[in-house]
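See below for the structure under consideration.
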Amino acid sequence: MKKIRAAVFASGAGSNFQAIMEKNDLLCEVALLVCDKPGASVLEKAEKFGVPTFVFDSEEYASKSDYEKDLVRKLQQSDISWIFLAGYMRIVGPTLLRAYKNRIINIHPSMLPEFPGKDAIGQAFKAGVSDTGVTVHFIDEGIDTGPIIAQEPVEVFKDDTVETLKERIQLVEHRLYPIVINRLMK
Ligand code: GAR
């Protein structure tokens with residue numbers, strides 16, 4: 001049977017992209033990597049895994065709806081039916097949301113609704129909480145909002161630094177995201 005074709009959207013290092021690619025029994029095919037940061041290291045990872053890329057620079061477009069129209073065109077040409085945001089540091093606008101209604105999920109390094117937005121790990125660390133975690137959710141037009149699909153707590157240890165906390169949170173992300181993806185593909 002033909003596998004569902006999905007796109008991963010990422011802006012940075014791509015460790016979650018890598019974790020998805022390394023899942024042996026992934027129930028979909030990652031057929032496209034979309035990146036808004038020319039030169040981001042996730043692009044080297046895509047090359048290593050032989051995943052085609054679509055790279056865009058938002059500054060070359062007049063508006064979000066303009067670049068999202070281009071994205072939708074590319075996604076449709078590539079027969080993509082699901083989108084997994086993995087460190088895509090942009091708010092998705094109505095053009096893309098409407099084209100992929102209930103088919104866009106995101107991973108975020110906190111127990112949402114706590115610590116949305118950028119640097120969730122730094123925010124949690126500064127707040128001095130004893131627990132934080134990871135959330136996978138459907139997106140809507142807000143910043144890290146939308147129906148929650150799965151969450152897993154991560155304890156903050158007394159001797160943690162932001163770096164050690166980030167390492168443990170990302171280990172959870174790398175395990176959780178591919179599992180949740182498979183659950184949704186069934
Ligand atoms: C991940 O920790 C992801 O949860 C976070 O960006 C990181 C990307 O790392 N996303 C957000 O903060 C979304 N608001 P990666 O590029 O190594 O996968």
Side-chain angles (χ1 to χ4, degrees), residues 6-23 26 28 30 32-49 51 53-56 58 64 68 71 82-93 96-97 100 103-127 129 131-156 160-184:
V8 173
F9 280 40
S11 308
S15 68
N16 278 285
F17 167 73
Q18 178 165 345
I20 294 166
M21 295 310 301
E22 285 176 349
K23 174 122 178 107
L26 196 71
C28 58
V30 176
L32 188 68
L33 183 272
V34 172
C35 179
D36 62 326
K37 290 271 180 295
S41 4
V42 68
L43 294 168
E44 286 161 29
K45 294 195 167 79
E47 196 181 346
K48 185 182 130 204
F49 287 104
V51 174
T53 57
F54 182 75
V55 186
F56 72 96
S58 64
K64 187 190 285 277
E68 287 197 344
L71 282 179
W82 276 85
I83 298 173
F84 311 142
L85 306 183
Y88 178 67
M89 294 309 195
R90 285 182 176 275
I91 299 166
V92 174
L96 190 52
L97 269 173
Y100 282 87
R103 291 279 185 278
I104 312 180
I105 60 171
N106 180 42
I107 188 154
H108 184 77
S110 78
M111 294 290 267
L112 290 171
E114 283 186 332
F115 311 121
K118 286 188 181 153
D119 194 23
I121 300 169
Q123 291 182 53
F125 191 77
K126 262 194 220 134
V129 292
D131 281 283
T132 179
V134 173
T135 303
V136 180
H137 62 105
F138 286 103
I139 64 156
D140 59 19
E141 54 291 321
I143 300 176
D144 300 313
T145 53
I148 289 172
I149 306 164
Q151 286 188 307
E152 191 169 317
V154 174
E155 196 180 337
V156 183
D160 260 331
T161 60
V162 177
E163 289 71 31
T164 58
L165 181 58
K166 180 178 172 184
E167 268 171 36
R168 285 205 321 288
I169 286 181
Q170 288 214 323
L171 281 178
V172 172
E173 290 191 329
H174 300 161
R175 178 170 43 73
L176 186 65
Y177 209 9
I179 290 174
V180 172
I181 288 170
N182 266 1
R183 245 169 54 199
L184 291 168

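Side chains included, hydrogens not; waters and symmetry mates left out as well; all remaining heavy atoms used. First listed ligand is number 1; within each ligand, the first listed atom is number 1.
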(message) Donor-acceptor pair, distance only, cut-off 3.5 Å: does the side chain of Thr53 make one with the backbone of Leu43?
(response)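 Here the side-chain-to-backbone pair does not exist.
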
(request) Check whether any side-chain N or O of Glu68 sits under 3.5 Å from a backbone N or O of Gly93 as a donor-acceptor pair, and report yes or no. (result)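 Here the side-chain-to-backbone pair exists.
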
May I ask you to check whether over 12 heavy atoms, not counting those of [X], lie within 6.0 Å of atom [atom1]?
X	atom1	result
Glu47	CD	no
Ile143	CD1	no
Lys166	NZ	no

(request) Please work out whether any backbone atom (N, CA, C, O) or any side-chain heavy atom from C-beta onward of Glu173 is under 4.0 Å from ligand 1, and answer side chain, backbone, both or neither. (result)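 Near ligand 1, Glu173 shows its side chain, while the N, CA, C and O stay back.
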
(message) Residue-level breakdown please: for Asp144 versus ligand 1, do any non-hydrogen atoms fall below 4.0 Å on the side chain, on the backbone, on both, or on neither?
(response)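 Side chain only.
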
Write out the residue and atom name of the closest protein heavy atom to [atom], then the distance separating them to 0.1 Å.
atom	value
atom 7 (C) of ligand 1	Gln170 NE2, 3.9 Å
atom 8 (C) of ligand 1	Gly87 CA, 3.6 Å
atom 17 (O) of ligand 1	Ser15 OG, 2.5 Å
atom 13 (C) of ligand 1	His108 ND1, 3.6 Å
atom 5 (C) of ligand 1	Pro109 CD, 3.7 Å

(request) With sequence neighbours excluded, give me every side-chain hydrogen bond (donor to acceptor under 3.5 Å, both in side chains) pair touching residues 113-124. (result)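 Residue pairs with at least one partner in residues 113-124: there are none.
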
(request) Would you indicate which of Lys45, Gln18, Met89, Lys118 comes nearest to atom 6 (O) of ligand 1 when only heavy atoms are counted? (result)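 Looking at heavy atoms only, Met89 sits closest to atom 6 (O) of ligand 1.
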
(request) Please state whether Gly14 comes within less than 4.0 angstrom of ligand 1, counting heavy atoms only. (result)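 Within the 4.0 Å threshold, so yes.
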
(request) Report yes if some N/O of Asn106 lies less than 3.5 Å from some N/O of ligand 1; otherwise report no. (result)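 No, since none of the N or O atoms of Asn106 sits under 3.5 Å from an N or O of ligand 1.
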
(request) Output the distance between atom CG (Leu112) and atom CG (Asn106), rounded to the nearest 0.5 Å. (result)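 Leu112 CG to Asn106 CG: 8.0 Å, rounded to 0.5 Å.
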
